Protein chains: 2
Amino acid sequence: VTHAYLIVGDIGGTNTRLAVVGSSGDGLSESRRFHNADFGSFGQLLSKYLADIQVSSAAAISLAVAGVTSGRVVQLTNHPWSIDRDELSKAANVSNVLFTNDLQALGLSLAHARSAPAVPLTDHGAGQNLAPRLVIGVGTGFNAALVTQDSESERPMVNAAECGHMTLAIETAQELRLRDFLARGRGRASVERALSGAGLVEIYQWVAGDIGPAGVELTGPEIAQQAVSNGDPACREAAAILLKLLARTAGDLALAFLPRGGIYFAGSVARALAPLIPSVGFLDEFVAKGRQTELMRSFPLFLMPDDSAALLGCVVHAHDQVKHMEQAT
Amino acid sequence: VTHAYLIVGDIGGTNTRLAVVGSSGDGLSESRRFHNADFGSFGQLLSKYLADIQVSSAAAISLAVAGVTSGRVVQLTNHPWSIDRDELSKAANVSNVLFTNDLQALGLSLAHARSAPAVPLTDHGAGQNLAPRLVIGVGTGFNAALVTQDSESERPMVNAAECGHMTLAIETAQELRLRDFLARGRGRASVERALSGAGLVEIYQWVAGDIGPAGVELTGPEIAQQAVSNGDPACREAAAILLKLLARTAGDLALAFLPRGGIYFAGSVARALAPLIPSVGFLDEFVAKGRQTELMRSFPLFLMPDDSAALLGCVVHAHDQVKHMEQAT
């Protein structure tokens with residue numbers, strides 16, 4: 001290939017995934033993952049990818065970005081990169097540069113036929129057809145996005161949000177001590193200070209310092225692996241605390257958005273800790289909203305197991321934009 | 001009058017307001033307020049009103065209710081009444097009985113020409129035209145509703161929510177003690193446990209017990225009046241605590257809904273305490289979301305001063321339903 005129809009990308013706070021979509025179908029090919037830290041800019045990373053796959057130009061590139069994507073210049077939320085639409089278009093020889101928020105892309109992927117089916121965490125069966133669905137992403141950062149569908153066209157619409165910056169919901173003296181640990185040097189603890197990969201590491205350090213000699217240096221994936229395999233008790237306790245706070249936060253967001261079509265958990269941290277959900281009282285915490293407990297029981301919960309879901313959302317976004325442009329002319 | 005075109009009502013947890021709308025215009029007439037506690041059912045209250053104003057039948061009644069309004073039988077959230085659509089239709093000789101959630105009615109009132117103009121609490125001027133707006137009601141209970149408008153028809157759409165049951169956002173040891181006081185006998189403290197008329201009374205009792213001899217018995221309106229007139233210091237402190245928690249909660253909801261058209265505070269508690277907003281650090285607390293402080297500064301805040309706003313929303317709802325029925329036939 002020297003000219004590609006569509007390039008899709010998922011630019012997270014730590015890694016970037018890129019893939020090519022052929023003009024005839026929706027399948028992803030040439031999917032590659034890069035560490036952001038290995039590159040000075042997204043432009044350099046993209047050039048490396050295009051050289052690797054021997055593509056010299058593309059009709060369009062559709063990118064999912066953890067950040068606000070409304071302006072010409074997109075600033076990543078959890079990474080120093082900013083990306084200029086016009087510069088990228090010139091430098092990479094791509095006519096159309098499209099951005100969507102990473103959570104919006106996950107939401108749009110629910111409408112993509114090739115998305116891996118969501119794994120039910122409750123026994124509701126599928127959610128109400130066309131009812132609003134809430135995608136909650138727990139990875140480098142935290143966010144949520146409501147997905148609604150037009151009743152006639154079934155066109156999916158995804159609302160942007162910045163839920164990771166909401167106040168961390170604490171209820172006990174122990175949780176207040178954790179909150180103060182997470183807030184040190186910052187004055188406040190947001191939701192994503194706990195509900196993220198870095199949050200898992202910090203909660204582990206707090207637990208380890210709390211229950212015995214200071215913990216060894218472990219990464220988020222190592223802590224998750226220890227927790228799931230029932231290894232280090234501090235790892236398991238840290239994972240249980242994170243999941244309890246996640247269940248409470250997801251319940252709060254369910255009350256705000258009433259997603260009768262279900263809640264879909266996505267992101268590396270949610271996927272890694274999902275095996276613990278049945279054993280840590282996750283569902284009990286999710287429904288613990290006083291008089292609204294029955295309402296809470298009505299929301300089906302799912303796990304999105306596919307870590308290329310955001311890329312499929314980029315495909316939906318690109319097709320949707322093209323349709324929109326065609327309708328306008 | 002013996003036959004009315006449209007009767008509108010706002011059934012709160014404590015009081016009910018009713019009014020008549022003429023067929024030619026949108027003006028409210030015969031507006032009356034009733035204490036729910038004086039009647040065994042809403043049907044009795046409505047019969048009293050119809051007898052008072054000498055109306056024997058009506059084409060439609062459009063009611064705003066603090067509760068979930070999707071089924072045939074509507075259960076009030078903060079009052080034991082339930083209201084059966086069919087029974088009410090027969091008993092009151094009204095062909096069409098329409099329900100909308102009270103917060104949805106407040107949201108719809110933003111589209112009503114006769115609504116009193118909202119009072120700006122920030123110096124942003126008006127919000128972006130047609131951008132989503134969030135109405136936050138603080139009265140007998142707490143709730144919020146996002147109001148969006150279709151870009152072509154400008155038809156307002158209001159999302160239902162149950163934000164009053166979200167976890168109360170606390171951050172300090174003092175607030176944890178207040179949370180435990182509010183949660184006593186219940187196991188948890190929801191947002192509306194603090195952010196409501198009953199919440200103001202409970203916060204006052206906690207403050208009074210905390211800073212000196214137990215407070216005298218005061219009602220919510222009395223506490224608000226003392227606070228605003230700079231009377232009893234415990235009342236003022238209680239109002240300051242409630243407003244701080246309200247500012248934080250409103251900020252959290254702004255991050256969830258990104259209401260670029262502005263946040264509109266409504267309800268008896270918001271109206272009563274609004275004069276204190278400039279002096280208690282409300283705006284500082286609202287924007288205190290770490291890296292998102294600049295985003296927070298972009299949201300215009302308003303007070304809805306008109307306590308008949310929900311009734312006007314009922315008018316919008318009725319007209320919208322009639323249009324919809326006409327289009328469907």
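Just so it is clear, the model here is predicted, and its values are computed rather than measured. Atoms considered below: every heavy atom in the structure, side chains included; atoms not considered: hydrogens, waters and symmetry mates. We name chains A, B, ... by the order of the sequence lines, and we start the count at 1 in each one.
Taken to the nearest 0.5 Å, the CZ atom of B:Arg188 stands 9.0 Å off from the CZ atom of A:Arg248. The structure places OG1 of A:Thr148 at 8.0 Å from CG of B:Asn159, a figure rounded to the nearest 0.5 Å.
B:Leu176 approaches A:Leu176 most closely through the heavy-atom pair CD2-CD2, 3.9 Å. Minimum heavy-atom separation, A:Glu171 to B:Asp180: O-OD1, 4.4 Å. Closest approach of A:Leu295 to B:Glu162, counting heavy atoms only: CD2-CG, 4.0 Å. Nearest heavy atom pair, residue B:Ala256 against residue A:Met166, reads CB-SD, 4.1 Å.
Counting heavy-atom pairs under 4.5 Å between each of B:Glu175, B:Arg186, B:Arg291 and chain A puts B:Arg291 at the top. Listed options B:Gly164, B:Gly187, B:Ala160, B:Ala189 were ranked by heavy-atom pairs under 4.5 angstrom with chain A; first place goes to B:Ala160.
A:Ala254 does not touch chain B: none of its heavy atoms, backbone or side chain, sits under 4.5 Å away. Proximity to chain A is absent for every atom of B:Ala144, based on heavy atoms less than 4.5 angstrom apart. Within the 4.5 angstrom heavy-atom criterion, only backbone atoms of A:Thr172 (N, CA, C, O) approach chain B. Interface remark: B:Arg179 contributes side-chain atoms only to the contact with chain A (heavy atom separation under 4.5 Å). Residue contact with chain B, scored on non-hydrogen atoms closer than 4.5 Å, involves the side chain of A:Leu258 exclusively. For B:Ser190, no part lies under 4.5 angstrom from a heavy atom of chain A.
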